[in-house]
Amino acid sequence: MSRWIDTACKVTEAFIAFCLAVMVALVFGNVLLRYGFNSGIMVSEEVSRWLFIWITFLGALVALKERAHLGVDALVSRLPPAGKKICLGLGHLLMLYILWLLCEGSIAQIRINWDVSAPVTGASMAIVYFASLAFGAGAALLLAANLLKLLAGRLDEDQLVAVQESEEAAALAEVMDGARAGADKPAGRTPR
């Protein structure tokens, strides 16, 4: 299961990179055509906006898998393992409920906007709301898999905290630990 999730995330990351490249090409090409040739790409703004929405939702999905979202673990990190498990389980259940609401709302918006055409491309505006549905379904699968691992007891203690320390915070902690270690050493005598 974990290998399948990793493969799906790699494919998602590749799709995000592709969308970003298309978005950059459209915007740069449009600027170049406007200033250089007094022309432009009609669909550039609309498609770029849609791609940005998809990149945002899919990036949030990858960040969820990598536990890279911002969070505060000041209380949870000090709890014993049983308390961490309870908090993680409750947090996952709450997130699954919120994702249910997100998917339900996304499906409603897709139905409402299915026959609404975009002003420039003429494509269905439901494309925009499919991004939130894709995020909701993917995030629910990730959280459900993680919840099953928790219930089966296959999570290590370091995985019981749903957020991870940022690289900057880890580097700062190393610097502070080094400064404390230097301050704890005896001063020693200096020659006069």
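No hydrogens, no waters, no symmetry mates; every other heavy atom, side chains included, goes into these values. Source: prediction; values computed, not measured.
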Within one Ile-Leu-Val-Met-Phe-Trp-Tyr cluster: Trp100 and Phe135, side-chain cutoff 4.5 Å | no

Gap between atom CG of Leu150 and atom CG of Leu143 - 0.5 Å precision = 11.5 Å

Is the count of non-hydrogen atoms from other residues, nucleotides or ligands lying under 6.0 Å from Arg49 atom CZ greater than 12?
-> yes

Beyond-backbone contact of Lys65 with Leu61, side-chain heavy atoms, under 4.5 angstrom = no

Are Phe37 and Val43 co-members of a hydrophobic cluster defined by side-chain heavy atoms under 4.5 Å apart?
-> yes

Could you tabulate the donor-acceptor pairs under 3.5 Å formed by side-chain atoms of residues 19-34, not counting sequence neighbours?
from: Asn30; atom 1: OD1; to: Ile41; atom 2: N; distance (Å): 2.8

Does Phe52 belong to the same Ile/Leu/Val/Met/Phe/Trp/Tyr cluster as Trp50, with side-chain heavy atoms less than 4.5 Å apart forming each link?
-> yes

Hey, what do you get for CD (Glu104) to CG (Leu99), rounding to the nearest 0.5 Å?
-> 12.5 Å

Find the distance between CG (Leu58) and CG (Leu51) and round it off to the nearest 0.5 Å.
-> 10.5 Å

Out of curiosity, does Leu88 fall in the hydrophobic cluster containing Tyr97 (side-chain heavy atoms, cut-off under 4.5 Å, transitive links)?
-> no

What's the spacing between Ile107 CD1 and Leu102 CG if we round to 0.5 Å?
-> 9.5 Å

Side-chain heavy-atom pair Leu79, Ile86 within 4.5 angstrom cut-off = no

Euclidean distance, Arg67 CZ relative to Leu142 CG, rounded to 0.5 Å = 13.0 Å

When the side chains of residues 113-131 are checked against the rest of the protein, which donor-acceptor pairs come out under 3.5 Å, sequence neighbours left out?
from: Asn113; atom 1: ND2; to: Gln109; atom 2: O; distance (Å): 2.9
from: Asn113; atom 1: ND2; to: Gln109; atom 2: OE1; distance (Å): 3.1
from: Thr121; atom 1: OG1; to: Glu46; atom 2: OE2; distance (Å): 2.7
from: Thr121; atom 1: OG1; to: Ala123; atom 2: N; distance (Å): 3.3
from: Ser124; atom 1: OG; to: Asn113; atom 2: O; distance (Å): 3.3
from: Ser124; atom 1: OG; to: Trp114; atom 2: O; distance (Å): 2.9
from: Ser124; atom 1: OG; to: Ala126; atom 2: N; distance (Å): 3.2

Measure the CG-SG distance between Leu96 and Cys103 for me, rounded to the nearest 0.5 Å.
-> 10.0 Å

Ring geometry between Trp54 and Phe15 (parallel below 30°, tilted from 30 to 60°, perpendicular above 60°) | perpendicular

For Glu45, does the CD atom sit with more than 12 other heavy atoms under 6.0 Å from it, leaving out its own atoms?
-> no

